[in-house]
Student: 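Have a look at this one.
The sequence lines fix the lettering, A, B, ..., with proteins before strands; numbering per chain opens at 1. Only a predicted model underlies this, so the values are computations on that prediction, with no experimental measurement involved. Hydrogens, waters and symmetry mates play no part in the numbers below; they use all other heavy atoms, side chains included.
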Protein chains: 2
Amino acid sequence: MAERGTAPSGGENLLFLTDEQLRKGIEAMFFAYRGFTADPDRILESHSYGRAHHRAIHFINRAPGTTVNNLLAILGVTKQSLNRVLRTLIEDGLVESRVGARDKRERHLYLTEAGQALERELSEAQRSRMRAAYRAAGPAAVAGFRQVLEAMMDAEQRRQFNAMSEGGS
Amino acid sequence: MAERGTAPSGGENLLFLTDEQLRKGIEAMFFAYRGFTADPDRILESHSYGRAHHRAIHFINRAPGTTVNNLLAILGVTKQSLNRVLRTLIEDGLVESRVGARDKRERHLYLTEAGQALERELSEAQRSRMRAAYRAAGPAAVAGFRQVLEAMMDAEQRRQFNAMSEGGS
DNA sequence: ATTTTATGTCAGCCTTGTTGACTTTCCAAG
DNA sequence: CTTGGAAAGTCAACAAGGCTGACATAAAAT
């Protein structure tokens, strides 16, 4: 279990695993997520949209031409739930839905000019906060941040997260 | 704009601030938060409760005897919204509401035995995932994780977060 | 005595999750 | 070629949990 070397080293190195430290991590996650969504939430409210719309816009932007089914897997909601959001985005002219060329059951999703504009507005707000946090914490902290977040995901989520980076760009 | 010194040093140190890196951080936050809430969500569902109940239980446990108003400030919801949740928790015998001794307008909230049992079940599930993530990432990463999360909060949230630690224990 | 504060409640709305039922399309087995 | 199942998407209806607004009560503060 514990290393034999200098007596305190084992105990001290595990201080970050005490229940108290874990609780602080849990609460930090709770409050930080609120900050994380605060800026987009304000923008969305002024457009009468919610977080669900933001998520759809974000991932359509990331993978233009993605199908509804694909988006479903990423967002982890039911297709009926997603459909409602997509319908309003399409009606409002932010998203375009094209019938698949090979498989006509599929709908391929694209952001229109207006959709891209809103996406930029939302993501710039979110990046701006993230940039400030990264800058304040420094590169080493950012590396740790990313490591812990990735370790916190379910295996399936981690797979999606990593797949996202490969396909991107 | 760019520093004049050794050409690559400034640029390399700022690699973590590129839009691409920021986007990855944003998506990591999204997927990690899902993992973060997945275990409690499963437990809550089996009790017919939601995240709103979890949040109330968590913070009542953290500060036994806290008032409704206090909880409202921490949770950032309306009293009507919180009241609905508290009412069911009190009806179900998980939370006890005592009229204040000094100020009889206030209600002081406490977890009952049953409430504490559910709290332990929920928080142990959450700590368990956090512990695994911390262990996988190591102490240095955890320190960075906490730094970035704290920098991501609004000033008000950070104040609450830090106040939480002082009062605790 | 009056006003303010803390809490609770009712009614009604919105977003976003859910399930169930349905249509259209594709594909593969007969 | 037809037919039956699977897959993609849509529509309808419901529930949880946010929200606002209006109002009631009791206690504290002025």
Student: Taking for each residue the nucleotide of DNA chain C with the nearest heavy atom, is it A/G76 or B/T67 whose nucleotide lies nearer the 5' end?
Tutor: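 Upstream on the strand: B/T67.
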Student: Nucleotide range of DNA chain C contacted by chain B, 5' to 3', under 4.0 Å to a heavy atom?
Tutor: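 Taking any atom under 4.0 Å from a heavy atom of chain B, the span is C/dT5 to C/dC10.
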Student: Which pairs of donor and acceptor atoms, one on a side chain in residues 106-117 of chain A, lie under 3.5 Å apart (sequence neighbours left out)?
Tutor:
unit_1: A/H108; atom_1: ND1; unit_2: A/G65; atom_2: O; d: 2.8
unit_1: A/T112; atom_1: OG1; unit_2: A/G93; atom_2: O; d: 2.6
unit_1: A/T112; atom_1: OG1; unit_2: A/L94; atom_2: O; d: 3.2
unit_1: A/T112; atom_1: OG1; unit_2: A/A114; atom_2: N; d: 3.4
unit_1: A/T112; atom_1: OG1; unit_2: A/G115; atom_2: N; d: 3.2
unit_1: A/Q116; atom_1: NE2; unit_2: A/L111; atom_2: O; d: 3.4

Student: Any side-chain heavy atom of A/F36 within less than 4.5 Å of one from A/Q126?
Tutor: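 Answer yes - side chains close enough.
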Student: Should the pair A/E45-A/R42 be classified as a salt bridge under the 4.0 Å nitrogen-to-oxygen rule?
Tutor: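 No, no charged N to carboxylate O under 4.0 Å.
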Student: Whole angstrom is fine here: how far is it from CZ in A/R98 over to C1' in D/dA8?
Tutor: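 The answer, rounded to whole Å, is 19 Å.
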Student: For B/R84, which contact category applies under a 4.0 Å heavy-atom criterion: base, sugar-phosphate, or nothing?
Tutor: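 Result for B/R84 = base.
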Student: Looking at B/E124 and B/R131, is there a salt bridge between them, counting it only when a charged N and a carboxylate O are closer than 4.0 Å?
Tutor: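 A salt bridge is present here (some side-chain N lies under 4.0 Å from a carboxylate O).
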Student: Please confirm whether A/F16 and B/F145 have ring centers closer than 6.0 angstrom.
Tutor: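 Ring-ring flag for A/F16/B/F145: false, centres at least 6.0 Å apart.
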Student: Nearest whole angstrom, please: distance from the P of D/dG18 to the CD of A/E45.
Tutor: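 Taking CD of A/E45 and P of D/dG18, I get 16 Å after rounding.
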Student: Are A/F30 and B/F59 close enough that their ring centers fall under 6.0 Å?
Tutor: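 Yes: the rings meet the under 6.0 Å criterion.
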Student: Closer than 4.0 angstrom, basic N to acidic O: yes or no for A/E91 and A/R87?
Tutor: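 Looking at A/R87 together with A/E91, the answer is no, because their closest N to O distance does not fall below 4.0 Å.
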Student: Please classify the nucleic acid contact of A/H108 as base, sugar-phosphate, or nothing, using heavy-atom distances under 4.0 Å.
Tutor: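 If one applies the 4.0 Å heavy-atom cut-off, A/H108 turns out to touch nothing in the nucleic acid.
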Student: Do NZ/NE/NH1/NH2 and the carboxylate oxygens of B/D154 and B/R159 come within less than 4.0 Å?
Tutor: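 A salt bridge is absent here (no side-chain N lies under 4.0 Å from a carboxylate O).
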Student: Tell me, please, which residues at least two apart from A/A63 pass side chain to side chain contact (heavy atoms under 4.5 Å, CB included).
Tutor: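 Here the qualifying residues are A/T66.
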Student: Quiz question: going by heavy-atom distance under 3.5 Å, is there a donor-acceptor pair between the base of D/dG18 and the side chain of A/R51?
Tutor: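 Between D/dG18 and A/R51, which were checked side chain against base, a qualifying N/O pair under 3.5 Å is absent.
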Student: Please state how far atom CZ in A/R107 lies from atom C1' in D/dA7, giving the value in whole angstrom units.
Tutor: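 Answer to the nearest Å: 12 Å.
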Student: Hey, are A/E27 and A/R23 close enough for a salt bridge, meaning a charged N less than 4.0 Å from a carboxylate O?
Tutor: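 Salt bridge: yes.
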Student: From CG of A/L44 over to C1' of D/dC19, roughly how many Å is that when rounded to an integer?
Tutor: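 Rounded to whole Å, this separation is 16 Å.
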Student: Which residues pass the side chain to side chain contact (heavy atoms under 4.5 Å, CB included) test with A/Q160, sequence neighbours left out?
Tutor: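 Residues passing side chain to side chain contact (heavy atoms under 4.5 Å, CB included) with A/Q160: A/A73, A/E156, B/F31, B/R34.
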Student: Does anything in residues 28-37 of chain A reach DNA chain C, meaning a heavy atom under 4.0 Å, and if so which residues?
Tutor: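 Output list: empty, so none.
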Student: Which whole-number value in Å describes the distance from A/L72 CG to D/dT10 C1'?
Tutor: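 Nearest whole value for this atom pair: 13 Å.
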Student: Does a side-chain N or O from A/R87 land closer than 4.0 Å to OP1 or OP2 of D/dC11, or not?
Tutor: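 Affirmative; the distance criterion is met.
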Student: In the 5'-to-3' direction, what one-character label does each nucleotide of nucleotides 22-30 of chain D receive under the scheme B = base within less than 4.0 Å of a protein heavy atom, S = sugar-phosphate only, - = no such atom?
Tutor: B---BBS--
